[in-house]
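See structure below.
Numbers here are sequence positions counted from 1.
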Amino acid sequence: MSGPVLLVIAHGSRDPRHAATVHALVERVGSLRPGLRVETGFLDFNVPSVHGVLESLAAEGVRDVVALPLLLTRAFHAKADIPAVLREAPARLRIRQADVLGPSPLLLSALERRLYEAGLTPADKSSTGVVLASAGSTDPEAIAVIADIAREWWHTGWCAVRPAFASASLPRTEDAVQELRALGCERVAVAPYVLAPGFLPDRIARGAAGADVLADVLGPAPEVARVLLERYDGARRPALTALGA
């Protein structure tokens, strides 16, 4: 299968679980689309670096790359860090930056998958309050997106859904858990809206101590892998249209 190389750009972390989860997700993406070349680069802490991967691709003679930020919202990394790194790429490369992963109905499906894996059932929805716990951001656009997702998810039948943030914004996970208790929800579940384990997801887990259910991170859920492919296809579509495809 021909097409641009997909370069998945992850943040990176000192926590080894982060890179392992990213690689598992990338492997699932590859399994869903055999023949697509998928590479992984990290902004910090892990190797290979994004710059190193781009240099290697250029040295191989690759021309077209879709750079996909492994991010759930359009915050600072998507708006500033990643474009800055891509501007330093070898001139022979044609690079298109794909959209971030969220929001997407598939990610809501992945969140529910993780909650059901943690012990809930669809029959529990109307009596369960959910904390949508994200990493947090100083970017108001990113914060507003999380609030919108919480409202949308609530309309699918949960008792209530409240956003929470591990850093930079309020409320914290533990405060949202208490709010849902006070609201009268029979049980409270925390759904981490994060892709991989690390420092902030661990903070979310600590904040979930008063909840009845704590779901796992999104990780290599099949729905997440499908979103990656959707974003890849969306980024390469203008080029296909220009070629008359």
Side-chain angles (χ1 to χ4, degrees), residues 17-18 21 24-25 28 71-75 100-137 139-228 230:
R17 297 173 298 167
H18 175 89
T21 302
L25 174 58
R28 187 178 285 274
L71 300 168
L72 294 170
T73 59
R74 286 193 73 252
V100 296
L101 303 186
S104 166
L106 285 169
L107 294 178
L108 286 181
S109 297
L111 287 166
E112 293 207 359
R113 170 191 290 275
R114 293 305 189 220
L115 285 171
Y116 297 150
E117 289 170 351
L120 292 180
T121 71
D124 296 324
K125 288 186 77 166
S126 63
S127 57
T128 302
V130 179
V131 178
L132 179 68
S134 76
S137 173
D139 189 309
E141 177 187 349
I143 297 304
V145 166
I146 300 299
D148 288 344
I149 292 170
R151 281 191 293 271
E152 179 183 347
W153 203 15
W154 171 59
H155 287 302
T156 67
W158 296 99
C159 173
V161 180
R162 294 290 185 271
F165 307 95
S167 68
S169 309
L170 295 174
R172 294 286 183 256
T173 302
E174 52 268 34
D175 299 326
V177 168
Q178 291 179 4
E179 181 185 350
L180 291 171
R181 291 279 187 219
L183 207 61
C185 297
E186 187 175 316
R187 66 185 66 77
V188 176
V190 174
Y193 190 57
V194 293
L195 287 165
F199 176 75
L200 292 178
D202 283 349
R203 181 179 287 177
I204 290 171
R206 290 193 297 273
D212 302 294
V213 173
L214 170 62
D216 200 358
V217 299
L218 294 172
E223 297 88 352
V224 179
R226 286 167 58 197
V227 175
L228 264 72
E230 283 187 356

Give, for atom [atom1] of [X] and atom [atom2] of [Y], the distance between the pair rounded to the nearest 0.5 Å.
X      : Y      : atom1 : atom2 : value
Ile204 : Leu214 : CD1   : CG    : 9.0 Å
Phe165 : Ile146 : CZ    : CD1   : 6.0 Å
Glu179 : Glu174 : CD    : CD    : 13.0 Å
Leu111 : Ile149 : CG    : CD1   : 8.0 Å
Arg74  : Glu141 : CZ    : CD    : 5.0 Å
Leu132 : Trp153 : CG    : CH2   : 6.0 Å

Taking all non-hydrogen atoms of both residues, which atom of [X] and which atom of [Y] are closest, and how far apart?
X      : Y      : answer
Leu72  : Leu101 : CD2-CB, 4.2 Å
Gly210 : Arg181 : O-NH2, 2.8 Å
His18  : Pro197 : CB-O, 3.5 Å
Pro192 : Leu218 : O-CG, 4.2 Å
Cys159 : Ser126 : CB-O, 3.3 Å
Pro222 : Arg28  : CA-CD, 3.6 Å

Considering only heavy atoms from C-beta outward, does the side chain of [X] approach that of [Y] to under 4.5 Å?
X      : Y      : result
Val161 : Val131 : no
Val227 : Leu107 : yes
Asp124 : Glu186 : no
Leu106 : Glu230 : yes
Asp139 : Ile143 : no

(request) Please name all residues satisfying side chain to side chain contact (heavy atoms under 4.5 Å, CB included) with Ala189, sequence neighbours left out, ordered by chain then number. (result)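 Checked Ala189 against side chain to side chain contact (heavy atoms under 4.5 Å, CB included); matches are Leu115, Leu120, Thr128, Val213.
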(request) Applying salt bridge (Lys or Arg N to Asp or Glu O under 4.0 Å), name anything that partners Asp175, two or more places apart in sequence or on another chain. (result)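 Not a single residue meets the salt bridge (Lys or Arg N to Asp or Glu O under 4.0 Å) criterion with Asp175.
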(request) Please list all pairs passing the salt bridge (charged side-chain N to carboxylate O under 4.0 Å, His left out) test where one or both residues lie in residues 190-211, with sequence neighbours left out. (result)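 Sorted pair list: Arg17-Asp202.
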(message) Regarding Glu117 and Arg114, does a basic nitrogen lie under 4.0 Å from an acidic carboxylate oxygen?
(response)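 Yes.
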(request) Evaluate the side chain to side chain contact (heavy atoms under 4.5 Å, CB included) criterion for residues Gln178 and Val188: first the C-alpha distance (whole Å), next the side-chain angles of each, then the deciding distance (0.1 Å), finally the verdict. (result) CA-CA 9 Å; Gln178 291 179 4; Val188 176; over 6 Å; no
(message) Tell me which one of Asp212, Leu180, Thr173 satisfies side chain to side chain contact (heavy atoms under 4.5 Å, CB included) with Val190.
(response)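 The side chain to side chain contact (heavy atoms under 4.5 Å, CB included) with Val190 is passed solely by Thr173 among Asp212, Leu180, Thr173.
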(message) Looking at Ser167 and Ala135, would you say the former's side chain and the latter's main chain have a donor-acceptor pair under 3.5 Å?
(response)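 Yes; judged by distance alone, with no hydrogens or angles, the pair exists.
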(message) Determine whether a donor-acceptor pair (N or O, by modelled atom type, separation under 3.5 Å) exists between the side chain of Ser169 and the backbone of Ser137.
(response)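 Indeed, once roles are kept as given, a pair shorter than 3.5 Å links the two residues.
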